[in-house]
Amino acid sequence: AGGSSAAGGDGAVEATASAGVCFYNFADTFIANARQSLEHIAAADGAVKVTTADSQGAAETQDNNMNNFYTQGVDFMLLNNLKSNAKPELIEQAKEEGVTLMFINSDSPTDEEFELYENVYHVSSAAEQSGKIMGEALLEYINTHDDWDRNGNGTFDYIMLLGTQGNYDTIQRSERSVEVLENAGIALNCIGGEQLCEWSRATAQDKVAALLANYSEDIDGVISCNDDMALGAIEALKAGGFFGEGEYIPVTGVDATQVGCDAIREGTLLVTSMNNPVLLAKATYKTMKLLAAGEELTQENLGLEGCTVDGRHVWLNYTAVNAENVDTVGYDLNDVDIG
């Protein structure tokens, strides 16, 4: 790989390490925020030169972006990975190129896959936490609202909005949310089967509108694997006569995007989980800076609140955001302090 990290006379790392970042889709609200934050931090700090690329939701485009970065001779390849089942091949390619590979905001390599190459790292949120937060919020709603069962069948009839098929966040968020309700003894029915919406607000709006045509009397809640899809569901529900003067339907999301938090203030979104894009950017950048300087990745060296270092993993904690705390939790996209 081109570019080596050299220490200056004062011990500071010169801007000689470079990183190529393959984001899955710039159009995703959370990704747009993480990208902006990462670019701001890199510009302010200067130790690692960061270049980002948009894979536009396509695995082939991700491959092209990676190959371009390898040709440019980057030191770090950061992958917001679209090819969940191809991690061994991705790791082997990075090893051949002599480039440090970091899976960011993605599912983790297995222990066996980590063994393939010593310079593989993983920086991501603990997705199961966000699923539990949604499930716990719905359970509290059921326990505090006698009218939760709209059709009186003794079952929580819900719509499930998934992101991309086989995606780690999609799996964990959907399974863990339902698991909380199951463990509490709530009878469940997923209306119309799980809806694959590719994280898209417009797709979710269309699919929920279609379900409302047949099940408007039955829906007790909506579980959405991100805020954008939750907002699409809310638009469809509003068009169907819910909220405002109409009946309330609890809708849950994940990411605590600005528009998601606005929906909580409006009283349409029940809960979201803050997947902090600034913390993701800080943890990603700080990990690269440490490695470029030849330092070990440890909890102490990383020094970021809300992060847990576990070997070559950096786990970011989620925070439940609801009507009670929506105005006191948040992040600043201009915050470049990495400690």
Answer yes or no: is there an ion pair linking [X] with [Y], defined by an N-O contact shorter than 4.0 Å?
{"X": "Asp107", "Y": "Lys87", "result": "yes"}
{"X": "Glu128", "Y": "Lys132", "result": "no"}
{"X": "Asp45", "Y": "Lys289", "result": "yes"}
{"X": "Glu92", "Y": "Lys95", "result": "no"}
{"X": "Lys282", "Y": "Asp335", "result": "yes"}

From [X] [atom1] over to [Y] [atom2], what is the distance, rounded to the nearest 0.5 angstrom?
{"X": "Ser174", "Y": "Gln195", "atom1": "OG", "atom2": "CD", "value": "13.0 Å"}
{"X": "Met134", "Y": "Ser177", "atom1": "CE", "atom2": "OG", "value": "4.5 Å"}
{"X": "Asn80", "Y": "Asp54", "atom1": "CG", "atom2": "CG", "value": "10.0 Å"}

Shared hydrophobic cluster, Tyr121 / Ile41 (ILVMFWY, side-chain heavy atoms < 4.5 Å): yes

With a 4.5 Å heavy-atom cut-off, do [X] and [Y] have their side chains touching?
{"X": "Leu90", "Y": "Met66", "answer": "yes"}
{"X": "Asp262", "Y": "Ile264", "answer": "no"}
{"X": "Gln93", "Y": "Asn67", "answer": "yes"}
{"X": "Val178", "Y": "Tyr158", "answer": "yes"}

Worked verdict on Tyr318 versus Met274 for side-chain contact (heavy atoms from CB on, under 4.5 Å): CA-CA 5 Å; Tyr318 279 96; Met274 182 175 291; 5.9 Å; no

Identified side chain to side chain donor-acceptor pair (under 3.5 Å) counterpart of Asn189 within the set Asp220, Asp218, Asp157, Thr155: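 Option passing the side chain to side chain donor-acceptor pair (under 3.5 Å) with Asn189: Asp157.
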
Main-chain N/O of Gly57 paired to Ser55 side chain as donor or acceptor, under 3.5 Å: no

Using atom types as modelled, flag every donor-acceptor pair under 3.5 Å from a side chain in residues 20-32 to any protein atom, sequence neighbours excluded.
unit_1	atom_1	unit_2	atom_2	d
Tyr24	OH	Asp28	OD2	2.6
Asn25	OD1	Ala27	N	3.0
Asp28	OD1	Phe30	N	2.9
Asp28	OD1	Ile31	N	3.1
Thr29	OG1	Asp228	OD1	3.3
Thr29	OG1	Asp228	OD2	3.0

Parallel, tilted or perpendicular, as decided by the 30° and 60° cut-offs, for the rings of Tyr248 and Tyr141: tilted

Pairs flagged by ring pair (Phe, Tyr, Trp, His ring centres under 6.0 Å) wherever residues 257-316 is involved - sequence neighbours left out: Phe114-His313, His122-His313, His122-Trp315, His313-Trp315

